[in-house]
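Source: prediction; values computed, not measured. Each chain gets a letter, A, B and so on, in the order the sequences are listed, and its residues count up from 1.
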Number of protein chains: 2
Amino acid sequence: MNNDNKITLAGLAKLAGVSTSTVSRALNNNPLIKQETRDSLQALAKQHNFSLNRAASRLRTQKTNVIAVILNLSDSTDQSISDPFLLKVVGDLNQALNQHGYEMLLSNSLMAHEDWTSYFINSSRADGIIVVGQGKSTQKIEDVALSGAPLVVWGDPKVNATYPVIGSDNCLGSYLATRHLIEGGCKRIVFLGDPEHAEMSERYKGYEKALAEFNLDISIDLTVSCDITSKAAYEKMDQVILDHGLFFDGIVAASDMVALGALKALKERYINIPNDVGIVGFDDIVMAELFHPSLTTIQQDTKTAANIMVEQLINQLNGQPAKSVVMDIKLITRKSTKSV
Amino acid sequence: MNNDNKITLAGLAKLAGVSTSTVSRALNNNPLIKQETRDSLQALAKQHNFSLNRAASRLRTQKTNVIAVILNLSDSTDQSISDPFLLKVVGDLNQALNQHGYEMLLSNSLMAHEDWTSYFINSSRADGIIVVGQGKSTQKIEDVALSGAPLVVWGDPKVNATYPVIGSDNCLGSYLATRHLIEGGCKRIVFLGDPEHAEMSERYKGYEKALAEFNLDISIDLTVSCDITSKAAYEKMDQVILDHGLFFDGIVAASDMVALGALKALKERYINIPNDVGIVGFDDIVMAELFHPSLTTIQQDTKTAANIMVEQLINQLNGQPAKSVVMDIKLITRKSTKSV
DNA sequence: TTGAAAGCGGTACCAG
DNA sequence: CTGGTACCGCTTTCAA
């Protein structure tokens, strides 16, 4: 079809009978160049199917216009890569980045790059880093922060961090969830999830706070610890009920996926939801309302969050300071809990 | 902390008292360099936290080691970005690419880059393109193929294409799904989905084939057309039942998300599944077995598919031909259909 | 408003 | 086994 993609800026310049400087400026829409010249050169470029060589311009300008997005997965379970919520965050980030003129280099924490700053930033692969999820260990994130590389993290903004964190008020969300169950009459509420995990531990705190506020008996430990996948949650709940019977009447789940796993275990035993056990999730994934019963959950505004993250990152790229931002959350009441 | 990331290969060379050629070779593990020298130079690099500047080496080698992955979304519904299945494919591709030494530049078809070859390949943003999903229009994909750029597509390999397509035998999958319903006693089976959509139209064919084979009455049209999101499916089924009553006893859904939407509409009317209506999905997303009843569906092996796609792409990068590959599919029988 | 020319930081050919 | 050096293609001062 086309006689190779050999044409360069210099080639175009020769064709047009102008200098490379002029072509470069014209294609970058530099107002120094007369509108007329700009138009005709841009037309010529289209006609010859010419695209600026990014490798070259990146080398010259020391700017890539690329942002590395790192999915921070728990070390063991590469399962969580299937959590629709994290993937939605990635999708929204992709949109937001593009709207701001950046491209997205997707990576994840299992990729074994020792030093993120060195790998992505020093090597000119990207201008900045967005980490999605704080995971169990924040060491690598802190290393990036320490290196001074532009960085923004999706996680819990209340956690005291040396880097800007954008995320929901997980503690509040879980508090609202727990309170909602209590107000619906639940007395023995289980927290299901992994309190070791940064964001989840905040959710655990919210749960504890609500219990305390309503003077529920917390003398026995009602925490059921499990990996944050639906499969792990299902298996754990199944086992717990088998071992101890139905000693609870409410579940605050660390995420929707976890909640759905638990739901399955309960339904297999014909436990009535919400009458025997009420259950609240976290995230409001699309599937939440499709389930039967539909899942009461805490909604997070990932679209807005993604935009804020990109803006905060761009601030840093411009040498301005960036700050953590707490996103509003919302309790979405559905059928998996009794209405008050 | 560190006195900036100023150090370059030339700087390292000076420090080590060797030439830039030697450092370059050493860091690239070129066997020309004595093992001893290699080791010490690599150590020095680590010590100074040095990373090769990719922009520079890409410019010089004319190779980026980046693959652009384009999520091909239907023009209207940016919803489908929330389909867990597509996102799983992306996740698996990310793994596969990394294992082969490539990085992933994620994009989607809504990004409005007119000409993918020009934008990604001619500009040296990436060495090759993987398109996930054929969508409703394959025009842009065909343009890439015509340009001769390295390309692989996730889609339906049976569709006659000028480019290598890796994907499941959608027709067969749907045939198996439909046959399974028929064998369970269903007489009036609806196809729910969008027959305009490339892969879905193959699924439609499999459905038709099974009906014909078993001499089911196909005089009346049992196709319920809807966008391939759970929301669209739910609304459409809700409306259809409202308008026409329960005129069917089986549903072959174009995807799990669609199936789950339909499931909700049926359950809200207390229609018994699988006794009144049997339903089969497609994809086997994680959620499929969590639902109640758990969803009978067609499983696709995305992990293997991702590896094959990357291999086929690399073949092209090496100037070798690439071919389409049909992936095995498997009927997973669960509770949303009667067992035979 | 446009042009000339000096790099950006590696790589790889050609010598030795 | 190692070094010298000419580029890769674009951007951006400086000069005109």
Side-chain angles (χ1 to χ4, degrees), chain A residues 4-42 44-45 48-66 118-127, chain B residues 4-42 44-45 48-66 118-127:
Chain A
D4 277 349
N5 51 345
K6 293 261 181 189
I7 189 153
T8 70
L9 186 145
L12 260 198
K14 206 166 297 169
L15 276 174
V18 296
S19 73
T20 59
S21 330
T22 303
V23 179
S24 173
R25 290 180 181 122
L27 296 184
N28 286 305
N29 248 311
N30 187 322
L32 275 181
I33 302 296
K34 207 194 320 178
Q35 185 69 51
E36 201 179 305
T37 323
R38 250 188 282 169
D39 290 344
S40 76
L41 286 175
Q42 288 178 8
L44 191 68
H48 288 266
N49 205 22
F50 171 78
S51 283
L52 283 171
N53 182 317
R54 284 304 151 187
S57 53
R58 283 171 185 167
L59 173 57
R60 180 61 230 235
T61 60
Q62 307 286 53
K63 228 234 169 213
T64 64
N65 277 289
V66 169
S118 167
Y119 186 78
F120 291 109
I121 308 300
N122 295 353
S123 71
S124 279
R125 282 183 170 85
D127 298 332
Chain B
D4 276 350
N5 51 344
K6 293 260 182 190
I7 189 151
T8 71
L9 186 146
L12 262 196
K14 206 166 296 167
L15 276 174
V18 295
S19 73
T20 58
S21 329
T22 304
V23 180
S24 174
R25 290 179 181 123
L27 296 185
N28 286 302
N29 247 311
N30 187 322
L32 275 179
I33 302 295
K34 206 193 322 180
Q35 186 67 53
E36 201 180 305
T37 323
R38 251 188 283 168
D39 291 344
S40 77
L41 285 176
Q42 288 178 8
L44 192 68
H48 288 267
N49 206 23
F50 170 78
S51 285
L52 285 172
N53 183 317
R54 284 305 151 186
S57 52
R58 283 171 185 167
L59 173 58
R60 181 62 233 231
T61 61
Q62 307 285 54
K63 227 236 169 213
T64 63
N65 278 290
V66 169
S118 167
Y119 186 80
F120 291 110
I121 308 300
N122 295 353
S123 71
S124 278
R125 283 181 168 86
D127 297 333

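For the pair A:Asn122 CG and C:dC8 P, the interatomic distance rounds to 18 Å; values are reported in whole Å. Separating the CG atom of A:Leu52 from the P atom of D:dT12 is a distance of 12 Å, rounded to the nearest angstrom. If you take CD1 of B:Ile121 and P of D:dG9, they are 16 Å apart, rounded to a whole angstrom. With rounding to whole Å, B:Leu41 atom CG is found 13 Å from C:dT11 atom P. Atom-to-atom, CZ of A:Arg58 to C1' of D:dC8 comes out at 15 Å; the value is rounded to the nearest Å. As a whole-Å value, the separation of A:Asn53 CG from D:dC8 P is 12 Å. A:Gln62 has its CD atom 8 Å from the C1' atom of C:dG9, to the nearest Å. The nearest whole Å value for the distance from the CZ atom in A:Arg125 to the C1' atom in C:dG9 is 14 Å.
Contacts between residues 28-35 of chain A and DNA chain C, counted as heavy-atom distances below 4.0 Å, involve A:Leu32, A:Ile33, A:Lys34.
Put simply, CG on A:Leu59 and CG on B:Leu59 are 6.0 Å apart, with the number rounded to the nearest 0.5 Å.
Using modelled atom types and a 3.5 Å distance limit, the side chains of A:Ser21 and A:Ser24 yield no donor-acceptor pair. With no hydrogens or angles considered, a side-chain donor-acceptor pair links B:Ser118 and A:Ser51 at under 3.5 Å.
Between B:Ser57 and C:dG10, a side-chain N or O to OP1/OP2 separation shorter than 4.0 Å is absent. Of the side-chain N and O atoms in A:Thr37, one or more sit less than 4.0 angstrom from OP1 or OP2 of C:dT2. The shortest distance between the side-chain N/O atoms of A:Thr22 and the OP1/OP2 oxygens of C:dG3 is below 4.0 Å. In terms of phosphate contacts, B:Ser19 brings no side-chain nitrogen or oxygen within less than 4.0 Å of OP1 or OP2 of D:dG4.
Residues A:Thr20 and A:Ala10 come closest through the heavy atom pair CG2-CA, 3.8 Å. Nearest heavy-atom pair, B:Phe50 versus B:Leu12, reported as atom, atom and distance to 0.1 Å: CD2-CD1, 3.7 Å. Across all their heavy atoms, A:Thr64 and A:Arg58 have their closest contact at O-NE, 3.1 Å. Between B:Leu41 and B:Val23 the shortest heavy-atom distance is CD1-CA, 4.0 Å. Closest approach of A:Asp127 to A:Asn65, counting heavy atoms only: OD2-N, 2.7 Å.
One N or O donor and one acceptor, one from the side chain of A:Ser21 and one from the base of C:dA4, sit under 3.5 Å apart.
Here the side chain of A:Thr61 is nearest to one of D:dT12, C:dG10, C:dG3, namely D:dT12. For A:Arg60, the listed nucleotide lying nearest its side chain is C:dC8; candidates were D:dG3, C:dG10, C:dC8. Among the nucleotides C:dG10, C:dT11, C:dC8, the one closest to any side-chain atom of B:Ala56 is C:dG10. Candidate nucleotides C:dC13, C:dG9, D:dT11 were compared by shortest atom distance to the side chain of B:Arg25, and C:dC13 ranks first.
Using a 4.0 Å heavy-atom criterion, one finds that B:Val18 contacts the sugar-phosphate atoms exclusively.
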